[in-house]
Amino acid sequence: MKGLIKRRTAAQASVAEPAVEEWAVDSAEDEDVAVGGWSTGARANTTVLMRWSAWGLLIAGPLLGLAAYVSVPSNAGAVRPRTAPAAPATTGSQGAAGFATLFVAAFVEAGEGDQDKLAAYYPAATDVRLEGEPGRQKAAQLVVVRLRQTEADVWSVTVAARLTPNGPVPTPTSTARPVNGQQAKKESVRYFQVPVAAAAQTGGATGYVALALPAEVAPVDRIQAPKLVYGPMRPALPADPRTKAVAEFLSAYLTGGGELDRYLAPGTRLNPVTPAPYSAITVDQLAVEGEMSVSAEQATTVPEDGTRIRLLAAVRGAGADGVRTPLTYALTLSARAGRWEIASLDGAPAPAAASPSPVTTH
């Protein structure tokens with residue numbers, strides 16, 4: 001800090017006359033002169049401290065950045081490219097089934113010049129030789145009857161198709177060979193097996209492609225029906241409270257007659273069939289869980305509250321034309337206040353528990 005000080009020149013010092021004071025500016029910065037409440041020395045120290053603080057921050061900045069980079073978890077590094085997730089097995093099976101159904105529909109109706117229509121499902125179909133008039137037959141019904149996974153992303157889909165000629169059936173010539181010992185029928189059900197590959201696409205979608213043209217195969221085998229928990233079917237006795245409960249419930253459910261909720265157990269929720277398909281319901285037979293025969297007591301009494309039974313009801317519904325259609329319902333009944341109520345409309349008859357395998361000793 002510059003200050004004002006007094007100096008005497010040598011000439012003035014040798015002359016004995018009144019001294020004349022001369023004021024000059026001193027540039028020395030180490031003088032401790034107070035200015036505005038701050039001494040010059042204190043201001044100098046503050047400046048030095050700020051200068052060293054700035055250098056410290058400059059040096060520490062890269063070091064702090066390096067430490068922060070090292071401390072970041074490994075999974076928060078550079079963004080990796082996203083890969084399409086694998087298609088869930090259930091999604092692949094449903095999509096493959098629908099894809100195969102559409103392919104078979106196009107295949108059975110294809111004729112000469114329809115290669116591009118099939119190439120939408122099987123790209124190599126552009127080189128396939130097709131004969132006959134396009135649309136000479138059509139698939140009135142198509143149903144997937146077998147679905148199995150042969151590889152991780154490959155499904156074998158068997159589609160049943162009800163084929164009907166589109167137009168008059170051509171008269172077979174004398175040289176025409178019969179099919180299975182008989183002439184070809186006007187309508188037939190045939191089975192086609194289609195191999196379909198599935199792969200995940202961007203955005204979570206799944207894509208499909210056929211690996212070959214459909215192969216015609218034999219019908220699906222019918223298995224032996226499993227044993228059920230019910231006893232044999234027997235005539236539904238009018239005096240049996242179970243017959244009454246089933247008849248009243250199905251009448252409200254299928255004919256619109258009566259309030260449905262009054263026949264349901266507490267907590268059970270069902271909606272009637274609308275529009276009502278039948279005008280009247282007749283209960284013909286019942287098969288009750290574990291019941292080989294019915295006693296007089298079973299036919300007229302209701303057990304204590306909370307008792308539940310499962311049964312099959314063979315009924316007939318009279319349509320508007322008077323024709324009675326046979327139907328079978330699997331139901332669970334619950335006893336309450338001296339009467340039977342419908343606890344559930346079961347999705348399928350209940351199979352009997354498998355018998356344990358006999359234990360063999362050696």
Taking all heavy atoms of [X] and all of [Y], pick out the closest pair and write down the distance.
X	Y	value
A252	G258	CB-O, 3.9 Å
Y230	A287	CD2-O, 3.6 Å
L286	A236	CG-CB, 4.0 Å
W340	P241	CD1-CB, 3.7 Å
A161	V104	CB-CG1, 4.4 Å
E109	K138	OE2-CB, 3.5 Å

Heavy-atom donor-acceptor pair, [X] side chain to [Y] backbone, under 3.5 Å:
X	Y	answer
D114	G111	yes
T307	E304	yes
S251	I281	no
T328	A314	no
T101	A97	yes
D305	A337	yes
N166	R136	no

[Y] and [X], any side-chain heavy atoms less than 4.5 Å apart:
X	Y	answer
Y121	V209	no
T158	L147	no
W155	S93	yes
S279	T255	no
Y329	L254	yes
L260	F249	yes
L270	L345	yes
V154	V196	no

Is any NZ, NE, NH1 or NH2 atom of the basic residue among [X] and [Y] found under 4.0 Å from an Asp or Glu carboxylate oxygen of the other?
X	Y	result
R310	E291	no
R234	D284	no
R336	E341	yes

- Check step by step if side-chain contact (heavy atoms from CB on, under 4.5 Å) holds for T268 and I342. CA-CA 8 Å; T268 301; I342 307 301; 5.6 Å; no

- Task: Quick one: sort the F103 and Y122 rings into parallel, tilted or perpendicular, breaks at 30° and 60°.
- Result: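 Answer is tilted, since the angle falls between 30° and 60°.
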
Is there a path from [X] to [Y] through hydrophobic residues (I, L, V, M, F, W, Y) whose side chains come within less than 4.5 Å of each other?
X	Y	value
V194	V220	no
V128	F192	yes
Y253	L312	no
V145	L163	no
V143	Y191	yes

- Query: What do the steps show when you test T325 against L327 for side-chain contact (heavy atoms from CB on, under 4.5 Å), and what is the final call?
  - Reply: CA-CA 6 Å; T325 302; L327 307 166; 4.1 Å; yes

- Query: Going through the checks in order, is the side-chain contact (heavy atoms from CB on, under 4.5 Å) test met by I309 and L311?
  - Reply: CA-CA 7 Å; I309 61 169; L311 58 79; 4.2 Å; yes

- Item | Trace of the side-chain contact (heavy atoms from CB on, under 4.5 Å) decision for Q137 with V108 | CA-CA 7 Å; Q137 62 181 3; V108 298; 4.2 Å; yes

- Item | Residues, nucleotides or ligands: over 12 heavy atoms within 6.0 Å of E216 CD |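 Counting neighbours around CD of E216, more than 12 heavy atoms of other residues, nucleotides or ligands fall under 6.0 Å, so yes.
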
- Is the closest side-chain donor-acceptor distance between T332 and D346 under 3.5 Å?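 Looking only at side-chain atoms, D346 and T332 do form a donor-acceptor pair, the distance falling under 3.5 Å.
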
Euclidean distance, [Y] [atom2] relative to [X] [atom1], rounded to 0.5 Å:
X	Y	atom1	atom2	value
R162	E187	CZ	CD	5.0 Å
F107	K117	CZ	NZ	14.5 Å
R146	R148	CZ	CZ	7.0 Å

